[in-house]
Amino acid sequence: MRIRRIRAAQGAPKSSASGSGTATLLTAASYTRVRFRFIVVAVSIKRLGRLYMDRPVPIAEIIEGRHSGRTVTVRGWVHRKRIVGGKAFILVRQEGEVLQCVYDKAEVGQRVWEEAEKVTLESSVVVRGTVREDPRAPGGYELRGEDLEIVGLSADFPIKGGESIEYLLDHRHLWLRSRRLTWVMKVKHSVMQAARRYFIDNGWWEVTPPILTGSAVEGGATLFELKYFGSKAYLSQSAQLYLEVLIYPLEKVWAVTPSFRAEKSRTRRHLAEYWHLEAEAAWMDMWDMMRIVEELVKHVLERVLEERRRELENLGRSLEPLKRAVEERFPAIRYDEAIEILQKKGVEIEWGDDMGADEERELTKEFETPFFVTHFPKQIKAFYMKLDPEDSRLALGFDLLAPEGYGEIVGGSQREDDYDTLLSRILEEGLDPEDYDWYLDLRKYGTVPHSGFGLGLERLVMWIAGLDHIRDATPMPRYRGRIKP
RNA sequence: GCCGGGGUAGCUCAGCGGGUAGAGCGCCGGGCUGUUAACCCGGUGGUCGGGGGUUCAAAUCCCCUCCCCGGCGCCA
């Protein structure tokens, strides 16, 4: 009985273009859906009318023209509303897409018209009507509204347009409903899925290193300290050392984990909490690992260009730099050459200086694809990097910088695999070897040449989506004391 | 930590050679037969971040303090 009604309400052929369950009730998934609907109905049939029971159609499909002429039900939130004369224009938003629903006072019943008058911005609604192609509608398609049901009437919504960034960040839990942030989250989703796909397809093992750690990975970065059963512990700033442990059983490993940095950074490229994609592999030298990074980034770009083209275009992102990055080899220059280029451009920098944000930005202007910088002076790099056998002043480290001023998105290196050299590097940096006893052990029991890298997911998303601030690459950004919501 | 900027209506801001506050948006009411951040008319709205001082009088001048923002360093 109910099932019949669901189908009838759909008003579409059973082989609906959505393909999501209406056609067959035989699969486990659709069986569950129907059962679930019974439960919902049982609990809320008094409060909610019959529309709630209909199978909803995604707005994206309507905008693509896949339901023209059909009577459909759509669920979502009121994005915008205007009443002009005898018509109510209600824009419903769902997963970042909007659909205009037009209610004509002369055509709909009194109950529906009153609901249309009453409904407020951001109310959750279920609407039903016939899909029509209409050039006057945003998106080219609209719904000639026949029914409207308010599920959750919204109080006056605090975001109306024109607010400052700080105000919006204070209301991030509501701001995230914006179409722009929704598109960015979708891009990030595809980036993560594509990266996972790359590793799976190429024989890498996904592992789960700890987030609570007993000591710093590197000396410099500030760590978040916390109490741990009466002693001190820290939130991880990198899984690298643990990944190095795991290459002995698994050879090629990778992980995505949160990383934490307690620096009081106030730049558009830093977060206190970010998602870190790290990989580590035995038997690979620096050049092998750079090839992996290039393949990975290209694979991610290809997938995102395929799956998220619409969102990128909506975001106003120029696709050309992304396409170029897929097609062209990433150049690699040595630190020496980078310094020369900068000096020729009139930047005051000398061999041995670390590149600051300004220098990095200048350098990215010289390239149109991501590019590597390699062979840095050892004093500006971490203790665990292997020294260049041909010049012991240099470390076998590499950075991948994104073009268009975005800068570093990956940092990697070949790791020091010799026990004595690693120990002396730890002492040189003023670190306590006792903190690294287990790490040193790895060089004692069957040491192996190996390399790895860390990629800042939000940095990558920032570049791909063309964001001007990294905070929009993550739903609830944490930085410089911002912890709410 | 350093350099720079700022806290005035629900929001965005103006007012700062001292005379106890304004605009736009929002919100509320009304109008409008297709709106696109609609538009038009009317209404609503503030212990001017906190404390102290100078003065007949302080949003405005002085001192202290709190908070926030942009950038740098650090890095992914």
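This one's a predicted model, so the numbers in the text were calculated from it and none came from an experiment. All chains are named by letter (A, B, ...) in the order of the sequence lines, taking the proteins before the strands, and each is independently numbered beginning at 1.
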Could you list the residues that satisfy side chain to side chain donor-acceptor pair (under 3.5 Å) with E302(A), not counting sequence neighbours?
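Testing E302(A) for side chain to side chain donor-acceptor pair (under 3.5 Å), a comparison that skips the adjacent residues, returns none.
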If the condition is side chain to side chain donor-acceptor pair (under 3.5 Å), which residues does D358(A) pass it with, not counting sequence neighbours?
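For D358(A) the side chain to side chain donor-acceptor pair (under 3.5 Å) partners, ignoring immediate neighbours, are R361(A).
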Side chains of E404(A) and W463(A): do they bring a donor and an acceptor to under 3.5 Å?
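There is such a pair between these side chains.
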Donor/acceptor link under 3.5 angstrom from R459(A) side chain onto base of rC75(B)
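Result: at least one qualifying N/O pair found.
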Does any N or O donor sit under 3.5 Å from an N or O acceptor when you compare the side chain of R269(A) with the base of rC75(B)?
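Indeed there is one.
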Can you list every ring-ring contact (aromatic ring centres under 6.0 Å, His included) pair that touches [range], not counting sequence neighbours?
| range | answer |
| --- | --- |
| residues 86-139 of chain A | none |
| residues 149-182 of chain A | Y167(A)-H171(A) |
| residues 338-359 of chain A | Y335(A)-W351(A) |

Out of [options], which has the shortest distance to the side chain of [X]?
| X | options | result |
| --- | --- | --- |
| E166(A) | rC68(B), rC72(B), rC75(B) | rC68(B) |
| Y167(A) | rG73(B), rU12(B), rC75(B) | rU12(B) |
| A357(A) | rC11(B), rA76(B), rG73(B) | rG73(B) |
| R361(A) | rG71(B), rC74(B), rC72(B) | rC72(B) |
| R266(A) | rA76(B), rC11(B), rG70(B) | rG70(B) |

Assess the pair F453(A) and F398(A): is the distance between their ring centroids shorter than 6.0 Å?
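Aromatic pair excluded; centres sit 6.0 Å or further apart.
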Does the separation of the ring centres of Y242(A) and W438(A) fall below 6.0 angstrom?
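Y242(A) vs W438(A): aromatic centres under 6.0 Å.
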Need the pair for [N]. Rule: Watson-Crick or G-U wobble, both distances under 3.5 Å, any strand; none if unpaired.
| N | value |
| --- | --- |
| rG1(B) | rC72(B) |
| rA23(B) | rU12(B) |
| rG45(B) | none |

Do any of residues 335-348 of chain A sit with a heavy atom less than 4.0 Å from RNA chain B, and if so which?
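Under 4.0 Å from RNA chain B: no residue of residues 335-348 of chain A.
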Rounded to the Å, how far apart are D353(A) CG and rC74(B) P?
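The answer, rounded to whole Å, is 10 Å.
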Test of understanding: with side-chain contact (heavy atoms from CB on, under 4.5 Å), list the residues that count as partners of L467(A), not counting sequence neighbours.
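If we apply the side-chain contact (heavy atoms from CB on, under 4.5 Å) test to L467(A), skipping adjacent residues, the hits are R180(A), V184(A), M462(A), A465(A), D472(A), A473(A).
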Atom P, compared across rU60(B) and rU20(B): separation rounded to whole Å
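Between the two P atoms, the distance is 14 Å.
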With a 4.0 Å cut-off on heavy atoms, is R179(A) in touch with a base, just the backbone sugar-phosphate, or nothing at all?
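Touches nothing.
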With a non-hydrogen cut-off below 4.0 angstrom, is H270(A) in contact with a base, only sugar-phosphate, or nothing?
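The answer is base, as H270(A) lies within the cut-off (heavy atoms under 4.0 Å) of a base atom.
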Return a single string for nucleotides 24-35 of chain B, one symbol per nucleotide in 5' to 3' order, where B is base contact, S is sugar-phosphate-only contact and - is none, cutoff 4.0 angstrom on heavy atoms.
--SS----BSBB
Name all residues meeting the ring pair (Phe, Tyr, Trp, His ring centres under 6.0 Å) criterion together with W183(A); count only those two or more places apart in sequence or in a different chain, and write none if there are none.
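In terms of ring pair (Phe, Tyr, Trp, His ring centres under 6.0 Å), with neighbours along the sequence ignored, W183(A) is linked to no residue.
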Hey, which of these two, K81(A) or E408(A), hits RNA chain B nearer its 5' end, going by closest nucleotide?
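The answer here is K81(A).
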